[in-house]
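Just below is one structure, and these are the notes that go with it.
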Number of protein chains: 2
Amino acid sequence: MVTQSEENYLKAIYHLGKQGSISVSTNAIAEKMTTKASSVTDMLKKLAEKELVDYKKYQGVSLTKEGKIIAANVVRKHRLWEVFLVEKLNFSWNEVHDIAEQLEHIKSQKLINELDAFLGLPTHDPHGDPIPDREGNLQKSQKIFLSQVNPSVNCSCVGVKDSSDNFLKYLDKNSIAIGTAIQVLTKEAFDESMTIKINNSELTISKEIASNMYVKIN
Amino acid sequence: MVTQSEENYLKAIYHLGKQGSISVSTNAIAEKMTTKASSVTDMLKKLAEKELVDYKKYQGVSLTKEGKIIAANVVRKHRLWEVFLVEKLNFSWNEVHDIAEQLEHIKSQKLINELDAFLGLPTHDPHGDPIPDREGNLQKSQKIFLSQVNPSVNCSCVGVKDSSDNFLKYLDKNSIAIGTAIQVLTKEAFDESMTIKINNSELTISKEIASNMYVKIN
DNA sequence: ATATTTTTTTAGACAAGTCTAAAACATATT
DNA sequence: AATATGTTTTAGACTTGTCTAAAAAAATAT
Ligand SMILES: [Mn+2]
Ligand SMILES: [Mn+2]
Ligand SMILES: [Mn+2]
Ligand SMILES: [Mn+2]
């Protein structure tokens, strides 16, 4: 049996180490999980004991095959539940993460398979991140920077890179939120600034802005 | 914050004590939760400290107003999730309880309200047990014994009182399972035996049988 | 009214998960 | 190569929830 806490650690290692293949540092895990490095060390020993991670003192840690499968499954559950909350229960993007953080630990293979089918076998979560399949395989992420979108293409906002107050206020002021439909009108060759259309009103944004917004092509 | 374990204890007291009003014994809780009486005592002290139960040594325990609200809410979540699993995810009766046992602990008021609406504000779970409303108020149970059903009424099986192997085998042999539609044809005044129709075939059952099957009127 | 049995509580222990403070190790700087 | 800085581990402690064994209280039987 793998505990809720163990699952959270495996997931953190998975995310930090590009699906768990790259070795991850104790401090990086501690920061991601807002816990202390000493607690991480304790847990790494436990996970190594269970052969879910490869761990040698001072050498960082990576997931074993078994660990990777478990982590991918937790991510799969997390993202499927996020789809459920947004598509079926009218949640908006910013509300789903904390609840999915809990739901991802519910243990029932049948539940997750049925949920998957019920949602129409989605490949990506509401943020455009790919949902691992039953074997843990990932498709490419669907989210790209707005700055990479070509003129006349329609897309919608799925997230931000910079989540500073200043930036979020700027977005709010211009009525850009998660889910907002955006059409790219023009792209200036000189400074890569763009004009975009939102709710039928035009807006000019700098490259700075465009390269801090994640969008998904519609 | 009330922990998962505390919620499980509150729920047990709620169920054992007719919505928590009646005083419940330590041993009864221990048996229901398949744990030891000493563990129960430990937990009762903790819950009393938090003013969720009224507890005096050797005197049994009952829920406070606050404890009752929490317990009813856990039951509400449990039963709503059971409806979800059966109605939306094609689970059958016997598969849902263990999963609901986990899902009932997910913390989000909005989640449960949205789920409730999504399911069409159900008043009863798949076993015919009532779902407490937001204030914790209960409707009457919809389940009655088959023996109480009058001739020519249509109902469906929602559970059993006696769950011994012998009885379950008997039901199986006669293709009676949870959800099976049953029409009462006749009721013998002398011994209260009945003839019932199941899947277009007739069956005669004793009062013994009929008073061990729970049904819900359609 | 006493003795016996059952129930409940206490005492002491353990595992999981966390923390702080100190020690050990690794890396970067001079 | 020696020192300083930063990272990681260890040591020891604490909380939560559980257990066994023994003591205390309550209920039942004689
Ligand atoms: Mn998320
Ligand atoms: Mn989580
Ligand atoms: Mn149930
Ligand atoms: Mn539970």
Side-chain angles (χ1 to χ4, degrees), chain A residues 1-14 16-17 20 22-63 67 70-71 74 98 101-102 104-107, chain B residues 1-14 16-17 20 22-63 67 70-71 74 98 101-102 104-107:
Chain A
M1 234 276 318
V2 42
T3 68
Q4 189 153 326
S5 189
E6 287 168 347
E7 284 188 345
N8 283 332
Y9 275 96
L10 291 173
K11 191 174 59 141
I13 298 167
Y14 179 88
L16 288 168
I22 293 171
S23 175
V24 173
S25 80
T26 301
N27 266 2
I29 299 168
E31 186 177 12
K32 175 142 221 174
M33 303 197 56
T34 50
T35 185
K36 292 297 148 82
S38 54
S39 306
V40 175
T41 302
D42 287 345
M43 182 55 88
L44 294 183
K45 286 178 188 165
K46 222 167 293 171
L47 293 172
E49 185 59 42
K50 292 189 176 186
E51 301 191 59
L52 301 176
V53 300
D54 290 318
Y55 169 62
K56 265 176 279 140
K57 273 194 191 186
Y58 298 104
Q59 299 298 123
V61 72
S62 60
L63 297 177
I70 293 171
V74 173
D98 289 350
E101 203 60 44
Q102 301 176 60
E104 69 189 359
H105 303 292
I106 302 294
K107 276 164 190 63
Chain B
M1 235 277 318
V2 42
T3 69
Q4 189 153 325
S5 189
E6 287 167 348
E7 285 188 345
N8 283 332
Y9 276 95
L10 290 174
K11 191 175 56 141
I13 297 167
Y14 179 89
L16 288 168
I22 293 171
S23 176
V24 174
S25 79
T26 301
N27 266 2
I29 299 169
E31 186 178 9
K32 175 141 220 174
M33 305 198 53
T34 49
T35 184
K36 293 296 148 82
S38 54
S39 306
V40 174
T41 302
D42 287 345
M43 181 56 88
L44 293 184
K45 286 179 188 165
K46 221 168 294 170
L47 293 173
E49 186 59 42
K50 293 189 175 187
E51 303 192 59
L52 301 177
V53 299
D54 289 317
Y55 169 62
K56 266 178 279 139
K57 275 193 190 186
Y58 297 104
Q59 297 298 122
V61 72
S62 60
L63 297 178
I70 294 172
V74 174
D98 289 349
E101 204 59 45
Q102 302 175 59
E104 70 189 0
H105 302 292
I106 302 294
K107 276 163 190 63

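Not measured: the values here are computed from a predicted model. We name chains A, B, ... by the order of the sequence lines, and we start the count at 1 in each one.
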Quickly work out the [X] [atom1] to [N] [atom2] distance and round it to whole Å.
| X | N | atom1 | atom2 | answer |
| --- | --- | --- | --- | --- |
| A:Lys56 | C:dA26 | NZ | P | 13 Å |
| A:His105 | C:dG17 | NE2 | C1' | 14 Å |
| B:Gln59 | D:dA25 | CD | P | 13 Å |
| B:Met33 | D:dG17 | CE | C1' | 11 Å |
| A:Asn27 | D:dT9 | CG | P | 9 Å |
| A:Lys50 | C:dG17 | NZ | P | 7 Å |
| B:Lys57 | D:dA25 | NZ | C1' | 10 Å |
| A:Leu44 | C:dA16 | CG | P | 16 Å |

For [Y], does its backbone N or O pair with a side-chain atom of [X] as donor and acceptor, under 3.5 Å?
| X | Y | value |
| --- | --- | --- |
| B:Lys50 | B:Met1 | yes |
| A:Lys32 | A:Tyr9 | no |
| A:Thr35 | A:Glu31 | no |
| B:Thr34 | B:Ala30 | no |

May I ask you to say what A:Thr41 touches in the nucleic acid, namely base, sugar-phosphate or nothing, with a heavy-atom cut-off under 4.0 Å?
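Base, at least one base heavy atom under 4.0 Å.
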Ion pair B:Lys11/B:Glu101, N-O distance below 4.0 Å:
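A salt bridge links B:Lys11 with B:Glu101.
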Those residues that, when tested against A:Glu7, pass side-chain hydrogen bond (donor to acceptor under 3.5 Å, both in side chains) (two or more places apart):
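Per chain and number, A:Glu7 pairs via side-chain hydrogen bond (donor to acceptor under 3.5 Å, both in side chains) with A:His105, A:Lys107.
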A:Lys45 has a side chain; which of D:dT7, D:dT9, D:dT10 sits nearest to it?
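My answer, after comparing the listed nucleotides, is D:dT10.
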D:dT9 phosphate, OP1 or OP2, under 4.0 Å from A:Tyr55 side-chain N/O:
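True: A:Tyr55 side-chain N/O within range (under 4.0 Å) of D:dT9 OP1/OP2.
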Take nucleotides 18-25 of chain C nucleotide by nucleotide from the 5' end and write B, S or -, depending on whether a protein heavy atom sits under 4.0 Å from the base, only from the sugar-phosphate, or from neither.
BBB---BS
